[in-house]
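Reading through the structure tokens given below for one structure.
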2 protein chains.
Amino acid sequence: MPERTPRKDAARNRAAVLAAADTLFTRCEHPDDVTMADIAAAAGVGKGTLFRAFGDRTGLIRALYETRLEPVRENVEQGPPPLGPATPPLQRVLALLDAVLCFKLDNRHLALALEQTGSDSPYRTEHYERWHAVLRGLLDRIPGLSGTGVTDFTAHALLAATRADLVAYLTTEKGLPRDEIRAGLAEFAARTLGADTTPGPVAEG
Amino acid sequence: MPERTPRKDAARNRAAVLAAADTLFTRCEHPDDVTMADIAAAAGVGKGTLFRAFGDRTGLIRALYETRLEPVRENVEQGPPPLGPATPPLQRVLALLDAVLCFKLDNRHLALALEQTGSDSPYRTEHYERWHAVLRGLLDRIPGLSGTGVTDFTAHALLAATRADLVAYLTTEKGLPRDEIRAGLAEFAARTLGADTTPGPVAEG
DNA sequence: GGAGAAGCGGACCGCGGGTCCGTATCGTAC
DNA sequence: GTACGATACGGACCCGCGGTCCGCTTCTCC
């Protein structure tokens with residue numbers, strides 16, 4: 001439990017690996033194209049180092065994902081409206097979903113890599129539990145939804161609409177432009193929340 | 001294009017492999033536990049036969065999935081209400097979603113295996129396109145939704161709420177009972193469709 | 001600067017998907 | 001029934017990837 005501080009070279013290498021993995025996942029066509037050996041080589045590091053630092057492939061991807069996600073998390077937890085806590089529930093739900101969607105659009109390959117890490121459910125992650133808890137809490141505060149006991153499922157369902165492979169499919173296969181997907185999600189969410197449909201343009205976070 | 005009929009032993013082996021794979025996937029804890037060699041052994045067949053018949057692992061899983069799904073498809077396309085075509089759109093959407101959900105509950109491991117076939121998007125399948133097309137067609141006929149141009153996304157989003165890994169997570173990790181999930185999905189769907197919430201009990205198909 | 005802990009790296013391993021080809025079986029023509 | 005080409009069989013084999021191991025290097029602390 002003393003949580004001793006890591007050695008200098010270890011910290012440097014860890015950062016190098018994350019950076020290398022980031023660029024590799026960004027450039028690649030499909031997450032499987034990026035092997036652990038590739039990442040090690042790109043980081044100028046041995047494979048052992050990489051596994052020592054992150055445990056396994058899933059651990060590395062998770063760490064990278066969390067790192068990238070950090071700014072969004074911060075914005076949600078203590079940022080200004082419309083993402084921050086001062087926003088009224090309904091608008092904040094919409095803002096949050098849009099933020100998650102945009103994140104997945106911007107980090108398509110990384111999110112894909114994370115979600116399709118075969119042996120490990122994408123739902124068993126810290127950040128998913130976090131999003132779900134926040135979303136559920138907001139839904140409970142929306143009139144007409146609270147107390148029905150289905151806010152839990154609703155939160156899951158809304159997040160499911162931002163799944164990385166769905167996003168990848170809509171953009172890559174179907175060629176849908178970014179804003180069309182955002183508008184689709186926004187209207188879908190608004191509808192399930194009982195808000196009237198106001199499809200006005202959305203500002204980028 | 002002549003599509004010559006397969007040899008008798010080939011047909012027999014194909015059936016044996018499908019049957020073996022079915023029981024193995026049903027029994028297993030996680031889809032990855034079932035290897036191609038396992039399936040071949042259980043079917044009393046060489047690995048070569050298996051790959052000759054189905055191309056690759058994905059092909060085998062897809063074939064098995066489609067086979068299992070066939071009755072549901074038939075019911076939707078030409079069965080009696082509430083799944084069949086005679087049902088008014090809104091109710092039929094609900095019935096269809098419930099049918100898909102029940103299918104995934106009943107074939108959890110198989111659906112999981114299919115959806116997490118790494119290198120191949122679960123959206124690029126015949127049956128997904130089919131469900132989506134049907135659903136979208138129904139949504140277009142529901143007053144208050146048609147013409148908005150978002151029925152396409154809505155159909156995707158509704159189907160996303162039935163994703164196999166979400167279902168697996170809710171049942172296995174969260175321990176939610178079957179009917180609670182069905183009720184959750186039903187209410188969620190009803191809400192997005194603008195129907196008032198009538199959480200009455202649902203009959204099993 | 002010396003000792004010991006912490007970290008490094010890349011040869012190595014096991015396993016699983018996919019291939020290959022000599023052999024067995026089937027369908028058909030006679 | 002038999003002979004023969006086409007088709008399918010099967011399991012030894014290959015390859016690539018995630019993950020491990022251990023002799024060597026580098027850091028840290030006194």
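Per chain, numbering begins at 1; letters A, B, ... match sequence-line order.
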(request) Evaluate the side-chain proximity of A/Val167 to A/Arg163: yes if any heavy-atom separation is below 4.5 Å, no if none is. (result) no
(message) Contact between B/Arg92 and B/Pro81 at the side-chain level, heavy atoms closer than 4.5 Å - yes or no?
(response) no
Just the rounded figure in Å: distance from [atom2] of [N] to [atom1] of [X].
X: A/Asp32; N: D/dG18; atom1: CG; atom2: C1'; result: 12 Å
X: A/Asp9; N: C/dC8; atom1: CG; atom2: P; result: 5 Å
X: B/Leu24; N: C/dG16; atom1: CG; atom2: P; result: 14 Å
X: B/Lys47; N: C/dG18; atom1: NZ; atom2: P; result: 9 Å
X: B/Ile39; N: C/dG16; atom1: CD1; atom2: C1'; result: 12 Å
X: B/Phe51; N: D/dA12; atom1: CZ; atom2: P; result: 16 Å
X: B/Phe54; N: D/dA8; atom1: CZ; atom2: C1'; result: 14 Å
X: B/Asn13; N: D/dT7; atom1: CG; atom2: P; result: 17 Å

(message) Is the ring pair B/His156/B/Tyr128 parallel, tilted or perpendicular, if the boundaries are 30 and 60 degrees?
(response) parallel
(request) Could you pick out which residue, B/Gly48 or A/Val45, lies toward the 5' side of DNA chain C when each is mapped onto its nearest nucleotide? (result) A/Val45
(message) Between A/Thr49 and B/Arg52, which residue's closest nucleotide on DNA chain C lies nearer the 5′ terminus?
(response) A/Thr49
(message) The side chain of A/Lys8 is closest to which nucleotide in this list: D/dG18, C/dG27, D/dC27?
(response) D/dC27
(message) Checking contacts here: which listed nucleotide (C/dG27, D/dG19, C/dA5) is nearest the side-chain heavy atoms of B/Arg7?
(response) C/dG27
(message) If the test is ring-ring contact (aromatic ring centres under 6.0 Å, His included), which one of A/Phe103, A/Phe54, A/Phe25 qualifies with A/Tyr65?
(response) A/Phe103
